[in-house]
Enquirer: 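Input: one structure, supplied below.
Computed from heavy atoms alone, side chains included, the values below leave out hydrogens, waters and symmetry copies. Since the model is a prediction, treat every value here as computed from it, not as a measurement.
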2 protein chains.
Amino acid sequence: MQTGGMDVGYHHGDLRAALIRTSFEVLADCGLRRFSVAAVARRSGVSSAAPYRHFPGRDHLLSAVSAVAARELREAIEATGSLAEAAGAYVRYVARTGAGFHVIFAAELYAVPDDERREQTRALMTTLIDLAGDVSYERALQRVEATIAVAHGYTSLFADGFYDHHATTVDEIAARATDAVRSLF
Amino acid sequence: MQTGGMDVGYHHGDLRAALIRTSFEVLADCGLRRFSVAAVARRSGVSSAAPYRHFPGRDHLLSAVSAVAARELREAIEATGSLAEAAGAYVRYVARTGAGFHVIFAAELYAVPDDERREQTRALMTTLIDLAGDVSYERALQRVEATIAVAHGYTSLFADGFYDHHATTVDEIAARATDAVRSLF
DNA sequence: GTCTATACCGGGATAGAC
DNA sequence: GTCTATCCCGGTATAGAC
């Protein structure tokens, strides 16, 4: 898939990457529920057939999005120093990109054999486990799960419009998620 | 909508209620994402047109499901004595029925003018606020939101197969959600 | 109140031109 | 590599028979 430094000169330069980028927008706007290859194509300004040159099908495109989201999220989390701050980083990342754990670990991706995605999701979990502190692996896993639950929970409420009445900002929600995780441990 | 004690003698007796009941199964099996009137009809053993005698469209059926879920969930929560236990009750209810906050407060229902749903969701929130203890309304709301976030987060992880590797049971997840909320306050 | 049949729409995916 | 054109499928919703 690499362009190898040559200017290939076709319409987009890198439609594959553009499609992945646009997929985030579609996810943010429509949710995983109404995510469609056709919508991504429209929004990218290409025909509905074009994406199939780069991805065999809808799930493979989603898998590529999952891999990118897992990497970017891990990088955001590595810039913090604790699980509590990681929860805040998660809230901000999902609010910004539209792709959270429900996309990264979407059930429909289990059957998609995408080594890149599997590597990136594994690395993300490893990073979280490392942040859990010097405890047993079992205990670390439970802490990570609790953190994910809190972060994902707040994010879902925010995304579902739960806070609309109070004009709550992303940063406020991120702070609440951070505080909640902090008081867990 | 009440049958008024008369035996009406048609195919189902009460197709409206049966459709709502079947909707829970479809939600549990397919998720909100793939929920469809057609699937509910198939599963109920009626034609795809039959539901439209009782509900104007997909969203109205979902709204009726939301109202029932809000009432049943409130009853389950009223049987507990604290927000922490309410979180556990929530995990168990959603695992059993498939309809959680993402259904009860689904964004696509905002536009549906269903007084019964609005009343039931309001009552559910009131019940939760009352459990938050003798604090300011603002503080109570924050506690409720934190509780919902934790409960919904754990439930999502469970539903998405996050715990499959460890053969975790519903009761274990419910206990973790309860513990997490307890350590929040 | 429920049926069969159908119109309509939109997404998934492929064929073949360029 | 992308286009246009097309097929298939399934869900929404309605019309009219029973």
Side-chain angles (χ1 to χ4, degrees), chain A residues 1-23 25-27 29-65 103 106 108-109 111-112 114, chain B residues 1-23 25-27 29-65 103 106 108-109 111-112 114:
Chain A
M1 300 295 172
Q2 66 272 32
T3 51
M6 271 191 52
D7 184 346
V8 288
Y10 54 88
H11 193 64
H12 266 90
D14 192 351
L15 180 58
R16 182 190 158 87
L19 290 170
I20 293 174
R21 226 55 240 180
T22 307
S23 293
E25 299 176 23
V26 173
L27 280 169
D29 278 15
C30 314
L32 185 58
R33 188 179 172 293
R34 298 214 187 272
F35 177 89
S36 73
V37 178
V40 174
R42 267 196 307 276
R43 196 155 185 153
S44 301
V46 296
S47 77
S48 65
Y52 292 92
R53 281 290 131 185
H54 301 273
F55 303 96
R58 177 183 187 273
D59 288 349
H60 287 76
L61 173 54
L62 272 179
S63 182
V65 173
V103 174
E108 52 212 286
L109 300 183
V112 180
D114 178 344
Chain B
M1 299 300 166
Q2 64 272 31
T3 51
M6 271 191 51
D7 185 346
V8 289
Y10 55 89
H11 192 65
H12 266 90
D14 192 351
L15 180 56
R16 183 191 158 88
L19 290 169
I20 294 174
R21 226 54 239 178
T22 307
S23 293
E25 298 176 24
V26 173
L27 280 169
D29 278 15
C30 313
L32 185 58
R33 191 182 170 290
R34 298 213 189 270
F35 176 89
S36 72
V37 177
V40 174
R42 266 197 307 276
R43 196 153 184 154
S44 300
V46 297
S47 79
S48 64
Y52 292 93
R53 280 291 133 185
H54 300 274
F55 303 96
R58 176 183 187 274
D59 289 348
H60 287 76
L61 173 54
L62 271 179
S63 183
V65 173
V103 173
E108 52 213 288
L109 300 184
V112 180
D114 179 345

Enquirer: Please list, pair by pair, any protein nitrogen or oxygen found under 3.5 Å from a nitrogen or oxygen in nucleotides 9-12 of chain C.
Expert:
from	atom 1	to	atom 2	distance (Å)
C/dG11	OP2	A/R42	NH1	3.4
C/dG12	OP1	A/V37	N	3.4
C/dG12	OP2	A/V37	N	3.1
C/dG12	OP2	A/A38	N	3.1

Enquirer: Just wondering, are more than 12 heavy atoms of other shown residues or ligands nearer than 6.0 Å to CZ in A/R34?
Expert: no

Enquirer: Are the side chains of A/L109 and A/D114 in contact, using a 4.5 Å heavy-atom criterion?
Expert: no

Enquirer: Run the side chain to side chain contact (heavy atoms under 4.5 Å, CB included) check on B/V40 and B/F35 step by step: do they pass?
Expert: CA-CA 8 Å; B/V40 174; B/F35 176 89; 3.7 Å; yes

Enquirer: Sequence neighbours left out, what passes side-chain hydrogen bond (donor to acceptor under 3.5 Å, both in side chains) with B/R43? Give chain and number order.
Expert: B/E25, B/D29

Enquirer: Scan A/A49 against the nucleic acid and name what it touches under 4.0 Å (heavy atoms): base, sugar-phosphate only, or nothing.
Expert: base

Enquirer: Under 3.5 Å, side chain of A/S63 to main-chain N/O of A/D59, donor-acceptor pair present?
Expert: no

Enquirer: Report the distance from atom CZ of B/R16 to atom C1' of C/dT2, rounded to the nearest whole Å.
Expert: 17 Å

Enquirer: Write down the distance between NE2 (B/H54) and P (C/dG1), rounded to a whole number of angstrom.
Expert: 7 Å

Enquirer: Between B/F55 (CZ) and C/dG1 (P), how many Å, whole number?
Expert: 13 Å

Enquirer: Whole angstroms only, please: what is the CG-P distance between B/L61 and D/dA13?
Expert: 11 Å

Enquirer: Can you list the residues that meet the side-chain hydrogen bond (donor to acceptor under 3.5 Å, both in side chains) rule with B/T22, with sequence neighbours excluded?
Expert: B/S44

